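Worksheet: one structure, shown below.
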Amino acid sequence: MKLPNQIILASESPRRRDLLMQLGIKKIQILKHNVDEINFEFKLPITKSVKKLAEMKALSITQNSKIKKKVIISGDTLVYRAGKIFHKSNSKPEVKNYLKLLSNRKHFVYGGICVISKKNQIFSKVVKTEVYFNKITESDLTNDILEDGLGKAGGYAIQKYGSRFVKKIRGCYTNIVGISIPELYKILKSSEF
């Protein structure tokens, strides 16, 4: 069984790229998908929505006529708690609000994965991880913490400063970072790419 040594990543996330390199994939071409995530309507249940978003991102790359016979990987990450989706944070006040809402509570990280093979077969999956936060005080919300949370689902990066608030996790750690490497490995291993 041989993993593809060359893929297209339908994401500009440096975290996803770094995670794919941990699989031993040497050549990663980064292409920005053209899915409007901001205006995506979450009409389906959360697991179906995150899976659909990951699929839409990968499929948008196939619209490029120059992309032929290449493996495409995409991911989507959503933080969810008490019926509320914590999208990528756009400002420091939003990061602060997110962290206050997640303080001393459990939330869920849903990771959508989509892989399109060279033969145009689509494989997709959703991974759910439970994250438990300790209490976050006002003095914890430093400028570094707020900066670090910008552009991140849930307003934190578990692989950086956000790790100081994590009491425990149940499930896949890399799913929280950007994409579940064990699940992606299973997809790549079980199929001819």
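Everything numeric here is computed off the predicted structure, so don't read it as measured data.
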**Message:** Please check: side-chain N/O of Ser89 versus main-chain N/O of Gly149, any donor-acceptor pairing under 3.5 Å?
**Reply:** yes
**Message:** Under 4.5 Å between side-chain heavy atoms, counting indirect links through other Ile/Leu/Val/Met/Phe/Trp/Tyr residues: same cluster for Val126 and Ile187 or not?
**Reply:** no
**Non-hydrogen side-chain atoms of Ile46 and Leu78 separated by less than 4.5 Å** = yes
**Prompt:** For the hydrophobic clusters of this structure (ILVMFWY residues joined by side-chain heavy atoms under 4.5 Å, transitively), does one cluster hold both Tyr110 and Ile169?
**Reply:** no
Would you list the atom pairs, donor with acceptor, under 3.5 Å between side chains in residues 22-34 and any protein atom, with sequence neighbours excluded?
from, atom 1, to, atom 2, distance (Å)
His33, ND1, Val35, N, 3.1
His33, NE2, Glu37, OE2, 3.4
Asn34, OD1, Ser60, OG, 3.4

Show which side-chain atoms of residues 139-146 pair as donor or acceptor with protein atoms under 3.5 Å away, not counting sequence neighbours.
from, atom 1, to, atom 2, distance (Å)
Ser139, OG, Thr137, OG1, 3.1
Asp140, OD2, Thr137, N, 2.8
Asp140, OD2, Thr137, OG1, 3.0
Thr142, OG1, Ile145, N, 3.3
Asn143, OD1, Lys92, NZ, 2.7

**Prompt:** If we only count heavy atoms from C-beta on, is the Val71 to Ile116 side-chain gap below 4.5 Å?
**Reply:** no
**Complete:** Value for OG (Ser91) from CG (Leu150), rounded to nearest 0.5 Å, stands at 7.5 Å
**Message:** Nearest 0.5 Å, please: how far is NZ in Lys186 from CD1 in Ile181?
**Reply:** 13.0 Å
**Message:** Suppose we call two aromatic rings close when their centres sit under 6.0 Å apart. Are Phe40 and His87 close by that rule?
**Reply:** no
**Message:** Can a donor-acceptor pair be found, under 3.5 Å and without considering hydrogens, that links the side chain of Ser180 to the backbone of Thr174?
**Reply:** no
**Request:** Check the pair Arg17, Glu12 against salt bridge (charged side-chain N to carboxylate O under 4.0 Å, His left out), reporting the backbone distance first and the verdict last.
**Result:** CA-CA 8 Å; Arg17 187 200 63 230; Glu12 292 182 303; over 6 Å; no
**Asked** Can Lys100 and Glu138 be said to form a side chain to side chain contact (heavy atoms under 4.5 Å, CB included), step by step?
**Response** CA-CA 9 Å; Lys100 283 182 173 181; Glu138 194 66 37; 3.1 Å; yes
**Asked** Does some side-chain heavy atom of Phe108 sit less than 4.5 Å from a side-chain heavy atom of Val131?
**Response** no
**Asked** Roughly how far, to the nearest 0.5 Å, is CG of Leu102 from NE2 of His107?
**Response** 5.0 Å
**Prompt:** Roughly how far, to the nearest 0.5 Å, is the CG atom of Leu184 from the CD1 atom of Ile73?
**Reply:** 4.5 Å
**Asked** Are Ile179 and Val115 connected, step by step, through hydrophobic side chains (Ile, Leu, Val, Met, Phe, Trp, Tyr) whose heavy atoms are closer than 4.5 Å?
**Response** yes
**Asked** Is it true that the NZ or CZ of Lys167 lies under 6.0 Å from the centre of Tyr132's six-membered ring and within 45 degrees of the ring axis?
**Response** no
**Prompt:** In the single-linkage hydrophobic clustering (I, L, V, M, F, W, Y; side-chain heavy atoms under 4.5 Å), do Ile136 and Tyr161 co-cluster?
**Reply:** yes
**Request:** Determine whether Ile85 and Leu44 fall in the same hydrophobic cluster, where Ile, Leu, Val, Met, Phe, Trp and Tyr are linked whenever their side-chain heavy atoms lie under 4.5 Å apart.
**Result:** no
**Request:** Determine, stepwise, if the pair Phe133 / Tyr156 fulfils ring pair (Phe, Tyr, Trp, His ring centres under 6.0 Å).
**Result:** CA-CA 11 Å; Phe133 267 15; Tyr156 72 95; 4.9 Å; yes
**Request:** Grab the two heavy atoms, one from Val95 and one from Gly155, that are nearest each other, plus how far apart they are.
**Result:** CG1-O, 3.4 Å
**Asked** Phe123 and Ser117: which non-hydrogen atoms are nearest, and at how many Å?
**Response** CE1-CB, 4.3 Å
**Asked** Can you check whether Gln159's main-chain N or O pairs, donor with acceptor, with Ser163's side chain at less than 3.5 Å?
**Response** no
**Message:** So which atom in Lys88 and which in Glu94 form the shortest heavy-atom distance, rounded to 0.1 Å?
**Reply:** O-OE1, 4.1 Å
**Asked** Is the side chain of Lys152 donor-acceptor paired with the backbone N or O of Asp148 at a distance under 3.5 Å, no angle test?
**Response** yes
**Leu101 vs Phe86, side chain to side chain contact (heavy atoms under 4.5 Å, CB included): CA-CA, chis, key distance, verdict** = CA-CA 10 Å; Leu101 291 170; Phe86 293 71; 3.9 Å; yes
**Prompt:** Looking at Tyr98, is Lys96 sitting on its ring face, NZ or CZ under 6.0 Å from the six-membered ring centre and within 45 degrees of the normal?
**Reply:** no
**Item:** Student check: side-chain heavy atoms of Arg81 and Arg105 closer than 4.5 Å
**Value:** yes
**Arg16 to Thr77 - nearest heavy-atom pair and separation** = NH2-OG1, 3.1 Å
**Request:** Can you establish whether the number of heavy atoms outside Lys48 located under 6.0 Å from its atom NZ is more than 12?
**Result:** no
**Asked** Can you find a heavy atom in the side chain of Lys70 that is under 4.5 Å from one in the side chain of Gln6?
**Response** yes
**Request:** Kindly write out the residues that satisfy side-chain contact (heavy atoms from CB on, under 4.5 Å) with Ser74, not counting sequence neighbours, or none if the list is empty.
**Result:** Ala10, Ala54, Lys57, Ala58, Cys114
**Prompt:** What's the verdict on salt bridge (charged side-chain N to carboxylate O under 4.0 Å, His left out) for Lys52 and Glu55, showing C-alpha distance, side-chain angles and the deciding distance?
**Reply:** CA-CA 5 Å; Lys52 186 169 174 56; Glu55 288 171 358; over 6 Å; no
**Prompt:** Do the side chains of Thr47 and Lys128 get nearer than 4.5 Å, heavy atoms only?
**Reply:** no
**Message:** I need the Leu9 CG to Ile7 CD1 distance, nearest 0.5 Å.
**Reply:** 5.0 Å
**Asked** About how many Å separate CG of Asn175 and OG1 of Thr129, when rounded to the nearest 0.5 Å?
**Response** 3.5 Å
